[in-house]
Amino acid sequence: MARPAGVSRSWLYTQPDLRAEIERLRAERQRASAAPVPARQRASDASLLRRLEAANERNRRLTEENRQLRQHLARALGDLRAARWQSQPTPGPR
């Protein structure tokens, strides 16, 4: 924060009001990160495993869907190329 304000960090700490605010914010951040999640809000191992299995299954389905879509696209592009090739006039004798 010192750089955008165009001041040095050491200057910030020489200002009593700013130093107090810095220390307050630092302590608040430490309290927030140290506060454990209450047991009833934590996901159980079984729940996490079910979520992982569901995500893996969804990933498998999407992978298969992408494979099928790529095949359909390749066929459609092949059909389009063939149609364009067939519609081109054939060169006549010279």
Find the distance between CZ (R19) and CD (Q15) and round it off to the nearest 0.5 Å. 11.5 Å

Taking atom CZ as the centre, does R24 end up with more than 12 heavy-atom neighbours from other residues, nucleotides or ligands that are less than 6.0 angstrom away? yes

Check the pair L18 / Y13 against side-chain contact (heavy atoms from CB on, under 4.5 Å), numbers first and verdict last. CA-CA 7 Å; L18 294 177; Y13 286 98; over 6 Å; no

For residues 70-89, please give each side-chain donor-acceptor pair under 3.5 Å, one per line with the distance, not counting sequence neighbours.
unit_1	atom_1	unit_2	atom_2	d
Q71	OE1	R67	NH1	3.4
S87	OG	A83	O	3.3
S87	OG	R84	O	3.0

Closest non-hydrogen atom pair between T14 and W11, with its separation: OG1-O, 2.6 Å

When rounded to the nearest 0.5 angstrom, what distance separates CG in D17 from CG in L12? 10.0 Å

State the CZ-OG distance between R50 and S44, to the nearest 0.5 angstrom. 5.5 Å

E64 and R60 ion-paired at < 4.0 Å: no

Lys/Arg-Asp/Glu bridge criterion (N-O < 4.0 Å) met for R61, E65: no

Looking at every non-hydrogen atom in both residues, tell me the closest pair between S47 and A43 and how far apart they are. OG-CB, 4.4 Å

Heavy-atom count check: over 12 atoms from other residues, nucleotides or ligands less than 6.0 Å from R42 CZ? yes

Applying salt bridge (charged side-chain N to carboxylate O under 4.0 Å, His left out) to E53 and not counting sequence neighbours gives none

